[in-house]
Amino acid sequence: MFVADSLVVIGLATLSLGTIQEADGVVERSFWVRNAGTEAVTLMQGYTSCGCTTIQFAKDSALAPGDSTSVLLRFNPRGKGGEFYEQGTLVYGPHRKRLQMALEGTCMSSEETLMRQFPIRVSDRIRLSADRFDLGVMRVGETKERGVVVLDMTDSQHRQRIPVTLTVTQEMPKGVQHIPRRLKWGGEEFTVTLDVNIR
C-alpha cells in the first residue's frame, strides 16, 4: 500500500567520499529522490548538520507520483580534519516530513589548519591541541576530566583523545594550584598542566 506523500532516496542515502584533501576544496555529490507516494509532494525546505555543508534542490517544486529529482550536497572541508559525517535534510509535503542523506569520509587537513588545531609541538611527529587545562573550583573528593587531543603527523594525521583526570584529596594544598601530569603516547612523553582552585 502506497503512502499518500512519501519520498525515498534512490540508491544509497549515505555516500562515502573516502579520503579527501582539505586543499582540494569543495566536494559535491548528487542524490536522487523519488516520490513513492500516490500524491504530488512539494519540496519545501532543506537544512544541513553543519555550516560546512550546503543542500541544493528545486525549492517549492511539486514532484508528481513516480517522478524523481536531484538533490545536491556540497561539503567544504576548509578548517576540517579527521573523520566527518554531514547530513542534509529535505522537508516536504503538507505534514512537513523529512528525508535525510549524508556524506562521510576522512579529511586530510592542510598544514596551516593542523598548526592552528594543534599548536603545541612535542616532536616532529607529535602535536597537541593544548597543554594547559582550567578545571575551575574543586573540593575534596571531587573528580574532573579533560581531554588532550594528540595528533600523529606521520600516521595519516591520526588523532586520539587522551583523558586527563584529577581527583582532589585531603592532602592537597588549598588555593590556586598548577598540577603537572606526565603522559605517554606513541612512545613519546610530554607534560600537561591542570590549573585548579582547591577549596
Side-chain angles (χ1 to χ4, degrees), residues 9 11-33 43-59 70-91 98-136 144-166 180-181 183-195:
V9 176
L12 297 175
T14 299
L15 296 179
S16 174
L17 299 178
T19 299
I20 64 171
Q21 302 292 326
E22 177 188 7
D24 291 342
V26 175
V27 181
E28 58 183 44
R29 293 292 184 271
S30 291
F31 294 80
W32 283 90
V33 298
L43 309 180
M44 302 167 65
Q45 178 186 1
Y47 59 90
T48 59
S49 55
C50 170
C52 62
T53 307
T54 58
I55 186 169
Q56 182 180 333
F57 61 96
K59 190 176 180 199
S70 175
V71 176
L72 186 69
L73 280 188
R74 285 190 181 97
F75 172 66
N76 185 345
R78 184 173 182 199
K80 299 290 180 179
E83 294 181 355
F84 62 88
Y85 180 86
E86 301 300 341
Q87 286 186 321
T89 302
L90 197 58
V91 181
R98 287 163 173 73
L99 180 67
Q100 292 183 329
M101 52 219 75
L103 298 173
E104 66 179 2
T106 302
C107 178
M108 300 297 285
S109 300
S110 69
E111 189 169 336
E112 178 186 346
T113 296
L114 288 176
M115 297 308 113
R116 268 197 323 272
Q117 293 174 340
F118 297 90
I120 310 301
R121 181 184 180 276
V122 173
S123 68
D124 287 342
R125 186 171 72 93
I126 303 295
R127 296 186 73 89
L128 307 178
S129 59
D131 62 355
R132 284 195 93 93
F133 299 91
D134 183 2
L135 300 180
K144 286 188 180 177
E145 179 185 292
R146 295 293 183 266
V148 58
V149 181
V150 181
L151 169 71
D152 186 336
M153 299 282 287
T154 61
D155 184 20
S156 300
Q157 299 179 357
H158 174 73
R159 297 159 168 85
Q160 183 169 331
R161 181 184 182 275
I162 300 175
V164 184
T165 305
L166 176 69
R181 282 285 191 262
L183 301 175
K184 191 172 185 178
W185 187 82
E188 308 245 10
E189 290 190 16
F190 50 91
T191 301
V192 299
T193 304
L194 303 177
D195 299 319

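Residue numbers run from 1 in the order of the sequence given. Everything quoted here is computed from the prediction, not taken from an experiment.
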Taking every non-hydrogen atom, the tightest pair across [X] and [Y]:
{"X": "A13", "Y": "Q100", "result": "CB-O, 4.0 Å"}
{"X": "L15", "Y": "L12", "result": "CD2-CB, 3.9 Å"}
{"X": "P77", "Y": "C107", "result": "CB-SG, 3.6 Å"}
{"X": "V71", "Y": "M101", "result": "CG1-SD, 3.7 Å"}
{"X": "E188", "Y": "S123", "result": "OE2-OG, 3.0 Å"}
{"X": "D134", "Y": "R146", "result": "O-NH2, 3.5 Å"}

Q. If you draw a 6.0 Å radius around CZ in R78, do more than 12 non-hydrogen atoms from other residues or ligands fall strictly inside?
A. no
Q) Does a sphere of radius 6.0 Å around CD in E83 hold more than 12 heavy atoms from other residues, nucleotides or ligands, not counting ones at 6.0 Å or beyond? A) no
Q) With a 4.5 Å heavy-atom cut-off, do L128 and V150 have their side chains touching? A) yes
(Q) Please evaluate residues V148 and D131 with respect to the criterion side-chain contact (heavy atoms from CB on, under 4.5 Å), reporting the C-alpha separation (whole Å), side-chain torsions for both, the decisive distance (0.1 Å), and the verdict. (A) CA-CA 7 Å; V148 58; D131 62 355; over 6 Å; no
Nearest 0.5 angstrom please: [X] [atom1] to [Y] [atom2], how far?
{"X": "I55", "Y": "L72", "atom1": "CD1", "atom2": "CG", "answer": "9.0 Å"}
{"X": "F190", "Y": "L183", "atom1": "CZ", "atom2": "CG", "answer": "5.0 Å"}
{"X": "T14", "Y": "Q87", "atom1": "OG1", "atom2": "CD", "answer": "7.5 Å"}
{"X": "Q117", "Y": "R159", "atom1": "CD", "atom2": "CZ", "answer": "5.5 Å"}
{"X": "F57", "Y": "S70", "atom1": "CZ", "atom2": "OG", "answer": "11.5 Å"}
{"X": "L194", "Y": "L166", "atom1": "CG", "atom2": "CG", "answer": "5.5 Å"}

**Q.** Within residues 21-31 or reaching into it, pairs that qualify as salt bridge (Lys or Arg N to Asp or Glu O under 4.0 Å) - sequence neighbours excluded
**A.**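 Non-adjacent pairs meeting salt bridge (Lys or Arg N to Asp or Glu O under 4.0 Å): E28-R74.
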Q. Is the closest side-chain donor-acceptor distance between E86 and S49 under 3.5 Å?
A. yes
Q. Of all residues at least two apart in sequence or in a different chain, which pass the salt bridge (charged side-chain N to carboxylate O under 4.0 Å, His left out) check with R121?
A. D124
Q: Test I126 against F118 for side-chain contact (heavy atoms from CB on, under 4.5 Å), laying out the working first.
A: CA-CA 9 Å; I126 303 295; F118 297 90; over 6 Å; no
Q.
Run D195 and T193 through side-chain contact (heavy atoms from CB on, under 4.5 Å) and show every step you take.
A. CA-CA 6 Å; D195 299 319; T193 304; 3.7 Å; yes
**Q.** Salt-bridge contact E145-R181 (side-chain N to carboxylate O under 4.0 Å)
**A.** no
Q. For the side chain of T53 and the backbone of T48, is there at least one donor-acceptor N/O pair under 3.5 Å apart?
A. no
Q: Start with the C-alpha distance between F84 and I20, add both sets of side-chain angles, then the distance that settles side-chain contact (heavy atoms from CB on, under 4.5 Å), and finish with yes or no.
A: CA-CA 11 Å; F84 62 88; I20 64 171; 4.0 Å; yes
